[in-house]
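Atoms considered below: every heavy atom in the structure, side chains included; atoms not considered: hydrogens, waters and symmetry mates.
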Amino acid sequence: MKDVEKKPLQESERFASEVPRRDLLGLAAFWSFIGTGVVMVAGALRLPMPSVFPETGSKFRIGKPDRYAVGSSTRISDRNVLVLRDGGGFRALSLVCTHLGCISQREESGAFVCPCHGSRFDATGKVVEGPAPSPLRYLEVSRMPSGDLVVDRDRPVPPDRRLAV
Ligand code: FES
């Protein structure tokens with residue numbers, strides 16, 4: 001019988017590591033550092049890009065004039081606007097609170113209250129109680145060649161300006 005040399009298991013070639021332990025920890029630290037750097041750079045590059053894209057255009061249609069009765073006030077919920085029609089014509093009152101932009105709610109009395117910090121506005125939009133710094137805004141109403149009414153949220157107008165129809 002051939003005499004086989006007995007070696008301890010740890011010295012066997014089969015269990016010999018290709019990368020010494022110290023080098024392995026160094027490589028792990030190096031690649032962790034590189035990975036962290038890549039994530040940081042990607043985050044920094046993304047910062048200038050907005051997470052929410054603004055609505056395109058500031059104008060929106062609210063339909064034909066005959067949709068609104070004289071003396072009516074109609075809330076356009078998805079636009080946060082109240083369309084007012086009286087004998088003089090059309091006005092559009094923005095329900096966006098002038099404090100930090102929450103949506104004001106109309107009470108039965110006709111006044112408006114902001115649910116966020118409690119600002120109160122009278123039925124014409126004037127501030128009755130802060131912290132809102134200024135009245136609710138009236139927005140320009142115009143008419144398209146098709147006859148549809150259009151509100152422009154970027155064009156505030158004086159409260160008494162109406163679109164006569
Ligand atoms: S957002 Fe309306 S009171 Fe603050």
Side-chain angles (χ1 to χ4, degrees), residues 25 27-165:
L25 291 176
L27 281 173
F30 173 76
W31 284 111
S32 296
F33 179 76
I34 294 295
T36 304
V38 167
V39 169
M40 284 174 54
V41 169
L45 290 176
R46 198 182 169 286
L47 271 179
M49 292 181 237
S51 299
V52 177
F53 291 100
E55 246 182 71
T56 55
S58 60
K59 295 181 178 182
F60 54 90
R61 293 178 195 210
I62 56 171
K64 302 265 192 264
D66 56 10
R67 180 178 162 191
Y68 305 93
V70 175
S72 67
S73 60
T74 309
R75 182 180 173 140
I76 312 289
S77 294
D78 60 335
R79 301 294 186 170
N80 300 315
V81 160
L82 195 66
V83 177
L84 307 165
R85 183 176 191 184
D86 58 21
F90 285 89
R91 294 183 296 162
L93 179 63
S94 170
L95 299 176
V96 177
C97 178
T98 53
H99 180 223
L100 292 177
C102 291
I103 305 306
S104 303
Q105 304 297 320
R106 193 171 203 187
E107 296 182 319
E108 281 188 25
S109 65
F112 300 90
V113 63
C114 178
C116 292
H117 309 104
S119 287
R120 300 185 77 80
F121 306 87
D122 70 12
T124 65
K126 285 185 190 148
V127 177
V128 175
E129 195 177 316
S134 55
L136 296 176
R137 297 182 322 147
Y138 283 85
L139 308 175
E140 183 183 79
V141 182
S142 57
R143 199 161 183 196
M144 297 179 70
S146 65
D148 281 346
L149 299 171
V150 175
V151 175
D152 189 341
R153 76 172 82 247
D154 283 351
R155 301 196 74 166
V157 295
D160 57 350
R161 171 137 0 130
R162 289 168 173 77
L163 173 73
V165 175

Of all pairs that satisfy ring pair (Phe, Tyr, Trp, His ring centres under 6.0 Å), the ones with a partner from residues 131-165, not counting sequence neighbours = none
message = Within this structure, what is the OG-CG distance for the pair S72 and D86, rounded to the nearest 0.5 Å?
response = 9.5 Å
Minimum side-chain heavy-atom gap R153-V81 below 4.5 Å = no
message = If I take atom OG from residue S134 and atom NE2 from residue H99, how far apart are they, to the nearest 0.5 angstrom?
response = 10.5 Å
ask   = Are the side chain of E107 and the backbone of Q105 linked by a donor-acceptor contact shorter than 3.5 Å?
value = no
message = Regarding C116 and C97, I want to know if their SG-SG distance comes in below 2.5 Å, which is how I'm defining a disulfide.
response = no
task = Using side chain to side chain contact (heavy atoms under 4.5 Å, CB included) as the criterion, point out the one residue from V113, L93, V127 that pairs with F121.
result = V127
key: Test item: R137 and L139 side chains (from C-beta on) under 4.5 Å apart, heavy atoms   = yes
ask   = When you check the gap from the basic side-chain N to the acidic O, do D148 and R143 get nearer than 4.0 Å?
value = no
Any donor-acceptor N or O pair under 3.5 Å, side chains R106, S73 = yes
inquiry  = To the closest 0.5 Å, what do you measure between OG (S58) and CZ (R155)?
reply    = 8.5 Å
ask   = CG of L149 to CZ of F90: how many Å apart, nearest 0.5 Å?
value = 5.0 Å
request  = May I ask you to test the R75-L95 pair for a side-chain heavy-atom distance under 4.5 Å?
outcome  = yes
query = So, does R162 use its side chain to make a donor-acceptor pair with the main chain of D160 at under 3.5 Å?
reply = yes
query = Got E140 and K59 here, is their nearest side-chain heavy-atom distance under 4.5 Å?
reply = no
